[in-house]
Every structure is written in structure tokens, then in C-alpha cells.
Amino acid sequence: MYMREVDDPVMIQYIILFTLSKAARRVTHSQLTCLTLDNCNINFANFQIALDNLVQIEYVRKLPNGYDEKMPIYELTEKGVQANGFFEHSIPVYIRDQIAEHIDPFFEQEQLKRSVKAKLVEINKREFGVECALYDSASPLMELTFYAGTREIAAQMIRNFKAHPDEVYTKITNVLLGENKS
């Protein structure tokens with residue numbers, strides 16, 4: 001991250017336009033904040049003022065709440081795309097490169113978080129289970145429910161499933177297909 005604080009309001013707007021352009025998709029407020037502030041030393045209040053100004057001058061469109069129903073979604077307007085094309089080179093290259101290199105891994109990590117789910121299920125006050133699911137986009141690849149017994153075992157199962165979802169999927173598929181060589 002670039003350590004010197006970026007405090008020029010116009011430069012912050014350029015950086016936001018650039019980030020949205022490189023993301024090439026609609027992003028939640030949280031995603032935009034992470035993509036920008038994780039790679040630039042910008043005060044959050046200054047970031048928010050710049051973003052609100054871009055919405056007001058119609059370079060950025062603020063859409064109603066997103067998939068989690070708590071956060072607005074942002075996208076570039078046609079005016080914003082044109083402005084970014086004109087002002088993109090005003091952003092120092094070391095900031096542009098850092099943001100550009102961070103975007104794909106950021107969204108890949110977010111996709112992975114949404115594709116692997118595991119949660120603790122209380123059966124009664126002393127017994128617990130685990131619901132595990134693996135998704136490819138919105139389509140389920142695998143959904144399983146396990147009896148775990150104690151809360152500790154259930155927590156361990158959740159950690160292991162989240163750490164090794166591909167291995168679990170492969171082993172279960174191999175057993176189901178009769179390809180288990182154990």
C-alpha cells in the first residue's frame with residue numbers, strides 16, 4: 001500500500017473512477033471501500049465525500065441495496081467511463097498498478113467465500129450438527145448434513161470443510177462412483 005496519505009479530493013475521485021473501471025462490474029460499498037482503501041492511504045471520510053460527489057455529478061450511479069440487502073451498489077455511468085478515460089493517467093502509476101493488480105484476486109477470494117458454506121446446527125442443548133455446502137456460482141455442487149455430537153467437533157468439522165472443500169468433494173465423489181481405492 002502507498003503509505004503517503006492521498007488527501008486531494010479530486011485525486012480521490014479519479015482513484016474511485018479508476019477502481020470502478022478496472023472492476024468492470026457493479027460493486028457494493030464494502031467492495032469499493034476495500035478495493036480502494038486497501039491499496040491507497042485515503043481517509044474514509046474523504047473517500048465517502050468523493051464518492052458522494054461522483055454520485056451527485058452522475059459519474060457514478062448508486063443503486064438500491066445489493067444481495068445482502070444492507071449495502072448500496074455502485075457502477076460507472078457513461079459519463080464516468082469517459083471521465084476515467086480522460087483522467088486515469090493523472091493517477092500516479094504506483095497507485096494505479098496496485099489497484100489493478102488487487103482487483104482480480106479480491107473478486108476470486110470473494111467468490112470462494114460465497115462458494116463454500118458451513119454452519120453449526122443446534123440439534124438440542126447438548127448435540128450439534130453441521131450443514132456443509134459447495135456451490136458453483138449459484139448452483140449447488142454438494143450439500144451435506146453431518147451429526148457432530150459436541151459443539152467442539154462441529155466447529156472442527158466446519159474449519160476442516162472450509163479449509164479443504166475440494167478434497168472433501170473429490171473423496172465423496174470417488175466413494176459414490178466406486179472409485180475409492182482404500
Side-chain angles (χ1 to χ4, degrees), residues 1-120 132-141 155 158-166:
M1 178 172 83
Y2 179 63
M3 295 311 294
R4 188 165 168 251
E5 183 173 352
V6 179
D7 55 5
D8 176 5
V10 175
M11 180 59 65
I12 296 169
Q13 290 180 52
Y14 294 166
I15 291 169
I16 293 170
L17 290 173
F18 177 78
T19 303
L20 285 169
S21 174
K22 288 298 176 190
R25 66 185 84 192
R26 294 175 174 175
V27 297
T28 66
H29 185 273
S30 176
Q31 291 169 329
L32 182 59
T33 302
C34 288
L35 287 168
T36 307
L37 300 186
D38 284 357
N39 294 290
C40 301
N41 188 7
I42 298 173
N43 174 289
F44 179 77
N46 292 340
F47 167 82
Q48 192 58 53
I49 291 168
L51 179 58
D52 290 343
N53 188 52
L54 288 169
V55 170
Q56 187 175 23
I57 61 174
E58 298 179 353
Y59 281 18
V60 173
R61 184 176 299 116
K62 181 180 178 180
L63 302 168
N65 295 349
Y67 60 87
D68 65 2
E69 300 302 322
K70 295 177 186 166
M71 243 176 265
I73 295 175
Y74 295 93
E75 69 180 355
L76 279 180
T77 63
E78 187 57 41
K79 284 171 54 176
V81 170
Q82 291 172 1
N84 179 64
F86 188 75
F87 295 118
E88 175 178 328
H89 295 291
S90 300
I91 303 168
V93 70
Y94 46 86
I95 293 176
R96 281 194 325 248
D97 287 353
Q98 236 174 301
I99 291 171
E101 290 171 7
H102 182 69
I103 287 177
D104 287 340
F106 176 84
F107 284 116
E108 287 170 9
Q109 187 65 30
E110 280 215 335
Q111 180 64 31
L112 181 61
K113 285 179 190 173
R114 284 194 304 269
S115 67
V116 177
K117 297 184 181 184
K119 70 177 185 176
L120 181 97
C132 301
L134 192 58
Y135 296 91
D136 180 23
S137 297
S139 304
L141 295 174
I158 289 170
R159 279 192 305 274
N160 288 334
F161 181 76
K162 286 183 174 181
H164 309 286
D166 293 338

How many angstroms lie between atom NZ of Lys22 and atom CG of Leu76, to the nearest 0.5 angstrom?
11.5 Å
Rounded to the nearest 0.5 Å, how far apart are CE of Met11 and CG of Asn46?
13.5 Å
Only pairs under 3.5 Å count here: list side-chain donor-acceptor contacts from residues 81-91, not counting sequence neighbours, and write none if there are none.
from: Asn84; atom 1: OD1; to: Phe18; atom 2: N; distance (Å): 3.3
from: Asn84; atom 1: ND2; to: Ser21; atom 2: OG; distance (Å): 3.2
from: Asn84; atom 1: ND2; to: Glu88; atom 2: OE1; distance (Å): 3.3
from: Ser90; atom 1: OG; to: Phe87; atom 2: O; distance (Å): 3.3

List the steps and the verdict of side-chain contact (heavy atoms from CB on, under 4.5 Å) for Val6 and Tyr14.
CA-CA 11 Å; Val6 179; Tyr14 294 166; over 6 Å; no
Interatomic distance, Leu141 atom CG to Leu134 atom CG [nearest 0.5 angstrom]
5.0 Å
Of all heavy-atom pairs between Cys40 and Ile95, which one has the smallest distance, and what is that distance?
SG-CG2, 3.3 Å
Considering only distance and modelled atom types, tabulate donor-acceptor pairs under 3.5 Å from the side chains of residues 47-64, sequence neighbours left out.
from: Gln48; atom 1: OE1; to: His29; atom 2: NE2; distance (Å): 2.6
from: Gln48; atom 1: NE2; to: Asp52; atom 2: OD1; distance (Å): 2.9
from: Asn53; atom 1: ND2; to: Gln13; atom 2: OE1; distance (Å): 3.1
from: Arg61; atom 1: NH1; to: Glu75; atom 2: OE2; distance (Å): 2.6

Interatomic spacing from OG1 in Thr19 to CG in Leu32 - rounded to 0.5 Å:
6.5 Å
Compare every heavy atom of Ala133 with every heavy atom of Phe161, then report the nearest pair and how far apart it is.
CE2-O, 3.5 Å
Quick check for you: to the nearest 0.5 Å, what is the distance between Thr36 atom OG1 and Ile99 atom CD1?
6.0 Å
From CG (Leu35) to CD1 (Ile16), nearest 0.5 Å
11.5 Å
Ring pair (Phe, Tyr, Trp, His ring centres under 6.0 Å) against Phe106, all qualifying residues, sequence neighbours excluded:
His102
